[in-house]
Amino acid sequence: MKNEVTIHGKRFEIYLSQEEISKRIQSMGEAIAKDFLNKNLILIGVLNGATVFLSDLIRAIDLPLEIGTIRASSYIGVKSSGNVVVDRKSLPEIRDKHVILVEDIVDTGRTLDELQKVFMQMGAKSIAIATLLHKPEAFEFNYPLNYVGFEIPNKFVVGFGLDYDELGRNLPAIYQIREHEY
Ligand code: IMP
């Protein structure tokens with residue numbers, strides 16, 4: 001695991017190691033398994049960022065479960081601004097199922113909020129949120145997130161599914177942008 005990486009000319013330094021991440025995901029999986037015993041469970045990952053977390057999280061949940069993915073993007077700016085567009089063609093069948101929405105990171109929370117509305121309309125029995133990372137300073141809503149891996153400061157991070165202009169998703173750890181790179 002490298003201590004520092006450069007992506008599109010910007011330098012990032014190690015923030016969360018592979019070991020820390022996998023320990024945390026294991027305990028999130030155990031908590032979910034307790035809460036959803038004997039329930040019709042589906043975990044839905046938000047593409048593309050949540051794929052890495054989703055694949056580790058499902059293997060940490062010792063219960064029968066289904067998985068799905070959904071594509072959502074905010075079309076103004078590079079991140080976290082403007083309206084969230086949900087690709088409804090990509091929606092899995094969720095009627096009468098308990099849904100856990102799986103996110104790589106909850107920043108402003110707009111993506112999440114829009115997706116929750118869509119799932120509610122589609123007849124989900126319940127909706128919970130599992131996110132690997134959360135930036136509480138940027139969050140614009142006041143409801144609790146059910147399963148949070150790590151609360152982090154409001155600084156740009158990459159790795160473990162998170163990208164900087166589509167690169168960096170395959171890094172096995174999480175890296176934070178260096179202070180003077182802003
Ligand atoms: P939200 O709608 O503001 O919560 O934004 C969620 C999306 O913004 C995430 O799924 C990421 O794709 C992106 N995002 C927010 N913060 C970061 C970051 O620090 N690194 C990479 N992507 C981020």
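First listed ligand is number 1; within each ligand, the first listed atom is number 1.
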Practice task
Would you check if Ile14 and Met1 make a side-chain contact, meaning some heavy-atom pair closer than 4.5 Å?
Solution key: yes
Practice task
Consider every N or O of Gly109 and every N or O of ligand 1, then say whether any pair is closer than 3.5 Å.
Solution key: yes
Problem - For Glu103, atoms of ligand 1 separated by under 4.0 Å from a heavy atom - result: 10 (O)
Completion exercise
ligand 1 to Thr111, heavy atom cutoff 4.0 Å, flagged ligand atoms 1 (P), 2 (O), 5 (O), 6 (C)
Handout entry: Contact with ligand 1 for Asp104, non-hydrogen, under 4.0 angstrom
Key = yes
Fill in the blank from the handout: Closest heavy-atom approach to atom 16 (N) of ligand 1 among Lys135, Arg169, Gln176 is made by Lys135
Handout entry: Side-chain touch Leu112/Leu101, heavy atoms, less than 4.5 angstrom
Key = yes
Handout entry: Any Asn48 side-chain heavy atom under 4.5 Å of Asp163 side chain
Key = no
Exercise for the section: Mind checking whether Val157 contacts ligand 1 via backbone (N, CA, C, O), side chain (CB onward), both or neither, at a 4.0 Å heavy-atom cut-off? Expected result: both
Problem - Check: Gln116 and Phe141 side chains under 4.5 Å, non-hydrogen atoms - result: no
Exercise for the section: Please identify which atoms of ligand 1 are closer than 4.0 Å to at least one heavy atom of Thr108. Expected result: 1 (P), 2 (O), 3 (O), 4 (O)
Handout entry: Val106-ligand 1 polar pair, N/O distance under 3.5 Å
Key = no
Handout entry: Asp62 atom CG, neighbour heavy-atom count above 12 within 6.0 Å
Key = no
Handout entry: pair Ile100-Phe36: side-chain heavy atoms closer than 4.5 Å
Key = yes
Fill in the blank from the handout: Checking heavy-atom distances from atom 23 (C) of ligand 1 to each of Ile152, Asp163, Ile105, Ile174, the winner is Ile105
Exercise for the section: Scan Val106, Asp104, Leu16 and name whichever one has a side chain to side chain contact (heavy atoms under 4.5 Å, CB included) with Leu133. Expected result: Leu16
